[in-house]
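To start, the structure under review is shown below, and the notes come after it.
Order of listing sets the numbers, starting from 1, for every ligand and every atom in it. No experiment lies behind these values; they were computed from the predicted model shown.
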Amino acid sequence: MSDLAHLRRDFPLLGRAVHGKPLVYLDSAASSQKPVQVIDAVAEFYATSYANVHRGAYTLSDEATTAYEGARAKAAAMVGAASPTEIVFTSGTTAAINTVAYGWGLDHLRAGDRIVLTVMEHHSNIVPWQLVAGRTGAELAYLRVGADHQVDLTDLEEVIDERTRIVAVSAMSNVTGTMPPVTQLAAAAHAVGAVVVVDAAQAVPHLPVDVATLGADFLAWSGHKMLGPTGIGCLWGRADRLEEMSPLQGGGEMISDVGLYESRWAPVPHKFEAGTPPIAQAVGLGAAIDYLDKVGMDAVRRHETAITGYALDRLATIPDLTVHGPTDLAVRGGAVSFTLGDIHAHDIATILDEENGVAIRAGHHCAKPLMRHLGLTSAARASFYVYTTEDEIDQLVAGLHTARRIFGLS
Ligand code: PMP
């Protein structure tokens with residue numbers, strides 16, 4: 001295993017106890033913990049440089065604007081964007097996908113057009129499209145998921161047909177950890193002239209992502225899952241796509257001129273950032289990107305692959321336990337969903353918390369169509385990040401043996 005154990009010292013919260021046991025935090029797919037470098041950057045910004053941005057002709061506002069725009073440049077570099085102007089700050093992945101669904105979809109979709117999704121999408125990459133389909137008369141079509149937990153490509157050409165205007169796909173499932181072949185799906189989408197929207201909420205935090213390699217037109221992700229604050233996320237859009245997209249919200253900051261009856265928009269990305277933006281959150285996100293840069297996204301990916309491999313091996317030794325996800329580490333990330341006999345996922349989570357101080361997620365993981373495909377109403381999920389150790393996986397496994405004992409499975 002790669003040794004990133006020393007990083008744990010940077011995460012104050014990981015030093016705390018739960019029910020008298022050292023906390024084992026295995027819910028990073030829901031939200032990551034924050035290093036002191038990010039916490040300090042936000043506090044320092046408020047303490048020394050805080051003011052509103054793009055407004056005041058005074059030093060403090062200039063400093064705040066430089067910090068805010070500096071974070072945009074870091075986000076652009078992280079995903080290989082051609083320019084910082086291709087990054088729109090949003091409140092997170094959900095807001096970013098809604099920005100595209102309404103901003104691009106309402107103007108460009110007509111009755112009979114197709115929006116193609118996969119069955120493994122998170123609700124935030126399904127519901128906005130349902131809403132926009134309802135408003136435009138476009139129809140939804142789905143690529144199925146196979147028994148191998150991968151997107152089934154056998155009917156690719158039938159589903160992504162000539163009517164398709166949008167293909168919206170996750171780069172990594174938050175349930176099974178599956179990494180779909182986004183580049184291949186994007187090529188099929190572009191062959192029929194469709195726009196490719198990538199939900200990268202679970203990808204950008206965990207592995208190197210390059211928008212050109214993916215062949216995406218839009219990419220959405222959240223700061224809070226990648227060591228950054230809540231309330232900040234990014235929408236990357238190819239410059240020409242952003243240009244042809246309408247703003248979702250009107251207000252201050254997003255205009256170049258306002259008359260009584262009509263207005264003109266500020267250039268991208270500002271036309272999509274109405275009102276006072278999440279300034280300190282952007283600064284925190286910039287610090288998170290600096291932190292991940294220093295570790296190196298290749299090292300992050302290597303560490304998580306090693307930890308996931310260790311977890312899959314250890315979980316395979318537990319009787320009655322089924323992992324719902326690919327076993328091939330090359331096509332998966334560190335979100336590991338499982339069921340244990342007929343023990344309810346919430347009972348598993350409660351026992352792990354109370355007996356071993358282990359925090360995992362339990363439920364439908366905001367992916368009900370995928371859960372139905374798996375024949376489940378709920379599952380337990382352990383998920384990993386840069387700070388996860390083998391010892392923590394051992395605690396998880398010990399807790400699962402306790403759960404089996406309590407429920408009379410052994
Ligand atoms: N897509 C995926 C794959 C996710 O895992 C999540 C968060 N669970 C989201 C979208 C939504 O992200 P947010 O809640 O930060 O908007």
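Protein heavy atom nearest atom 5 (O) of ligand 1, with residue, atom name and distance: Gln202 NE2, 2.7 Å. Nearest non-hydrogen protein atom to atom 1 (N) of ligand 1 is Asp199 OD2, 2.6 Å. Regarding atom 7 (C) of ligand 1, its nearest protein heavy-atom neighbour is Lys225 NZ, 2.5 Å. Regarding atom 14 (O) of ligand 1, its nearest protein heavy-atom neighbour is Thr94 OG1, 3.8 Å. Nearest to atom 4 (C) of ligand 1 among the protein's heavy atoms is His122 CD2, 3.4 Å.
The environment of Arg135 atom CZ is sparse: at most 12 non-hydrogen atoms of other residues, nucleotides or ligands sit within 6.0 angstrom. Annotation for Asp342: atom CG does not count as buried by contact number, only 12 or fewer foreign heavy atoms lying within 6.0 Å. Other residues, nucleotides and ligands contribute only 12 or fewer heavy atoms inside 6.0 Å of the CD atom of Glu157.
Counting the atoms of ligand 1 from 1 in the order shown, those under 4.0 Å from a heavy atom of Ser124 are 1 (N), 9 (C), 10 (C), 11 (C). Heavy-atom proximity to Ser222, at under 4.0 Å, picks out these atoms of ligand 1: 12 (O), 13 (P), 15 (O), 16 (O).
Annotation: Ser170 places no N or O atom under 3.5 Å from an N or O atom of ligand 1; distance criterion only.
A salt bridge links Arg238 with Asp217: the distance from a Lys NZ or Arg NE/NH1/NH2 to an Asp or Glu carboxylate oxygen falls below 4.0 Å. With salt bridges taken as basic N to acidic carboxylate O contacts below 4.0 Å, none links Glu355 and Lys21.
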**Message:** For a side chain to side chain contact (heavy atoms under 4.5 Å, CB included) check, start with the C-alpha distance between Asp394 and Val397, then their side-chain angles and the critical distance, and finish with the verdict.
**Reply:** CA-CA 5 Å; Asp394 294 343; Val397 169; 5.5 Å; no

**Request:** Starting from the C-alpha separation in whole Å, work towards a yes-or-no answer on side chain to side chain contact (heavy atoms under 4.5 Å, CB included) for Leu106 and Ser246.
**Result:** CA-CA 9 Å; Leu106 282 187; Ser246 295; over 6 Å; no

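Ring geometry, His364 versus His123: the interplanar angle falls from 30° to 60°, so the pair is classed tilted.
By the criterion of a heavy-atom distance under 4.0 Å, neither the backbone nor the side chain of His365 is placed next to ligand 1.
Residue-ligand proximity: Asn125 is placed with every non-hydrogen atom at 4.0 Å or more from ligand 1. Not a single heavy atom of Cys366 lies less than 4.0 angstrom from ligand 1. Taking 4.0 Å as the cut-off, Glu121 does not count as a neighbour of ligand 1 on heavy-atom distance.
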